[in-house]
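This report concerns only the one structure given below.
This structure is a prediction, so every number in the text was calculated from the model and none was measured.
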Amino acid sequence: MTPPLRLAPALVATALVLTACSGSSGTSSKTASTSAASTGASAPAGKTTLVVGLSGDIGQPPDPDVYYANNGLAIVLNAYEGLVQYKNDADTVQIAPRLATSWTVDKTHTVYTFTLRPGVTFHDGTPFTSAAVKASFDRRNAVKGGAAYMTAGVKSVDTSDPMKAVVTLDAPNSAFLDYLASPFGPKMQSPAGIAKYAGKDHDQTYLQTHDIGSGPYTLTSVQPGTEYDLTQYPGYWGKKSPFTKVRLPIFSDPSALQLALDKGQVDTVVAALPSSALKKYKDKKGISNYFLPTLQSALVTVNPTRSFFATVPARMAFLKTINQQQLVSQVLGERSEPATTLYAKGMIPGGADKQTITYDPSAMKAYAKTLPSGTSMSIGYASDNVNAQQMANIVAAQLQADGIKATAKGFPTSQVFGWVQDPPKGPDAFIDGNNGPDGGSPYMWGHVFWDKTGGIDYFGCDDPQTDSELNTAVKTGDTALYVSAAQKYAATGCYLNLSYNKDWVVAQSWLTGVAAAHNIGANELDFSLLGVG
């Protein structure tokens, strides 16, 4: 059940609800916040190719059982489909149908029964049946990629009815639907394709340049570092957009990507422009800006193994000295808002996981007076994240005003994820510009950020009771226990949820359906739901 390490979602910022015994589709949808800055460009006549600019290569093959980062989800989520997904155009986590039209969950959260969508075919023309559910889960377990934990607990899949899949887990897990709805969750693949192209590596070589999914588009061209191309699948069961082709050119320089957007050579950019460009596009004629909800946040993590933060009062004093409202507004701007909860926004109904740390610089001033003159400390940030760098610089300057020799320092991602093996080698604190869980269950948030075995608890700050309550809560989905676990971890002084981050999508103003094509779980769009207007 332990999720392994995943690369943090890339903001190039230079920058469930589960009810026992019943499952259903999502219900109402709250329209995503949209700011169409201006209009003016007319819809291009006969446009059938959509151009989506990527910032940097996807880095990994677009194999749904291998890919575990962010940029390539544009390909994975348009070539493949899961049984369920998070509801599009919603700012709260809601499980919605995809290749399963309905589902039930038994009282023990161990048996999940899915009714499958009829009339679905894979890109090789073969029909989607329950056999594909078993074959897809089996392949994920065999590949053992980064998100293999999501199917590792599957004990069996009953395929006796072709249009019904009964999945039995080896232990209760109320987060299993979230595993399936996650953009990194198991996607359905053609059993015939899995068998035909298996080779010696469970299809991994073949899926570097092809796909065997059922999504609205199929992968037709792969030029790593240059461009990926998708072609509309004529046999797709769902809605089809006017875009029969989708080109995804790679830009290594954000300024080049902006130039291509300005010239109309790129139609849309999703979460890939630096916050510094917000002002440029805010009122730009012919461009629309969308700020759409995600599960991601900017986070502050404190290192308890460093002498500067050896005590809870010292850590709390530091967190209180961060002017959250000002910092988020000044650096992140319209794409973020100050976080008021310990989990992601809306993850706990009613905001019961309220974050209680409030701005009070006097606590840090008092702590500073107890330190020897010239005491130093460092605040780290990911070296490729300008937003985090700016925030670290601001906080360091505040500490300097208190007489502390504070510095901000950038670290490569590989080094950041290595600190948990030897926390004293890390900085005294770390500001994460943008990070989030694999899915919308509070377990998926708490485990990765607060349990030292979860992958993103950088400094191994651990509270055994928090871990115990999370591991108990996931068996039943007990919201109160999730809240209790969060409060216990917050009391360590190791953690501050700084901001709720949004996807900033920039698009030519003739492109329609952007919000409806956006999903809270992923920094990407469903291209089949876009249009020209």
Side-chain angles (χ1 to χ4, degrees), residues 1 16-27 64-65 76-77 80-88 93-122 126-141 147-194 212-216 236-238 438-441 444 474-477 519 521 526:
M1 191 179 294
L16 294 196
V17 183
L18 240 179
T19 302
C21 301
S22 67
S24 64
S25 65
T27 53
D65 296 324
V76 172
L77 297 182
Y80 298 90
E81 300 172 287
L83 291 176
V84 294
Q85 65 171 52
Y86 290 124
K87 187 173 182 177
N88 284 353
V93 170
Q94 302 174 52
I95 301 291
R98 190 72 186 231
L99 292 186
T101 57
S102 63
W103 53 90
T104 60
V105 185
D106 80 329
K107 292 181 179 179
T108 69
H109 294 90
T110 304
V111 180
Y112 290 71
T113 302
F114 298 92
T115 299
L116 306 185
R117 185 178 298 281
V120 177
T121 58
F122 290 104
T126 58
F128 167 62
T129 66
S130 57
V133 179
K134 181 177 185 341
S136 300
F137 286 3
D138 287 348
R139 179 177 186 265
R140 174 159 290 220
N141 290 332
Y149 76 90
M150 296 180 179
T151 52
V154 174
K155 181 179 180 180
S156 65
V157 180
D158 184 341
T159 62
S160 55
D161 182 339
M163 299 313 295
K164 181 174 292 185
V166 182
V167 180
T168 302
L169 308 182
D170 59 13
N173 187 345
S174 69
F176 186 62
L177 282 179
D178 280 279
Y179 289 6
L180 302 183
S182 165
F184 306 101
K187 303 295 181 283
M188 297 299 101
Q189 299 164 63
S190 161
I194 290 175
I212 49 175
S214 64
Y236 185 56
W237 62 270
D438 285 353
S441 161
M444 298 172 87
V474 73
K475 296 177 182 176
T476 61
N519 190 283
D526 181 339

Check [X] against [Y] and note the closest heavy-atom contact, atom names and distance.
| X | Y | result |
| --- | --- | --- |
| Ile95 | Ala181 | CD1-CB, 3.7 Å |
| Phe114 | Ala100 | CD2-CB, 3.9 Å |
| Phe128 | Leu99 | CE2-O, 3.5 Å |
| Pro191 | Phe122 | CD-CE1, 4.0 Å |
| Gln189 | Ser136 | N-OG, 2.8 Å |
| Ser214 | Glu81 | OG-OE1, 2.6 Å |

For a 4.5 angstrom cut-off between non-hydrogen side-chain atoms, does [X] reach [Y]?
| X | Y | result |
| --- | --- | --- |
| Phe176 | Tyr112 | yes |
| Val154 | Asp170 | no |
| Val105 | Leu177 | yes |
| Met163 | Thr115 | no |
| Asp526 | Pro216 | yes |
| His109 | Asn173 | no |
| Leu180 | Phe137 | yes |
| Pro186 | Met150 | yes |

(message) List the residues meeting salt bridge (Lys or Arg N to Asp or Glu O under 4.0 Å) with Arg117, not counting sequence neighbours, and say none if there are none.
(response)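 Applying salt bridge (Lys or Arg N to Asp or Glu O under 4.0 Å) to Arg117 gives none.
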Any side-chain to backbone donor/acceptor pair from [X] onto [Y]? Under 3.5 Å, distance only.
| X | Y | answer |
| --- | --- | --- |
| Lys164 | Pro162 | no |
| Ser174 | Val474 | yes |
| Arg140 | Pro64 | yes |

(request) Check step by step if side-chain contact (heavy atoms from CB on, under 4.5 Å) holds for Leu77 and Lys187. (result) CA-CA 9 Å; Leu77 297 182; Lys187 303 295 181 283; 3.7 Å; yes
(message) Quick check on side-chain contact (heavy atoms from CB on, under 4.5 Å): which of Thr113, Val133, Asp161 does Val166 satisfy it with?
(response)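 Going through Thr113, Val133, Asp161 one by one, the side-chain contact (heavy atoms from CB on, under 4.5 Å) with Val166 is satisfied by Thr113 alone.
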(message) Just to verify, what does Thr110 make a side chain to side chain contact (heavy atoms under 4.5 Å, CB included) with, not counting sequence neighbours?
(response)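 Result, side chain to side chain contact (heavy atoms under 4.5 Å, CB included) vs Thr110: Asp106, Thr108, Thr168, Leu169, Pro172.
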(request) Identify, with sequence neighbours excluded, every residue that meets side chain to side chain contact (heavy atoms under 4.5 Å, CB included) alongside Thr476. (result)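 Counting only residues at least two positions away or on another chain, Thr476 forms a side chain to side chain contact (heavy atoms under 4.5 Å, CB included) with Asp478.
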(message) Could you go through Leu83 and Leu116, starting from their C-alpha distance and side-chain angles, then the distance that decides it, and tell me whether this counts as side-chain contact (heavy atoms from CB on, under 4.5 Å)?
(response) CA-CA 8 Å; Leu83 291 176; Leu116 306 185; 3.9 Å; yes
(message) Quick check: Tyr149 with Tyr179 (ring centres under 6.0 Å apart)?
(response)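 Here the rings of Tyr149 and Tyr179 have centres that are less than 6.0 Å from each other.
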(request) Measure the CZ-CG distance between Phe184 and Asp438 for me, rounded to the nearest 0.5 Å. (result)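 With rounding to 0.5 Å, CZ (Phe184) is 6.0 Å from CG (Asp438).
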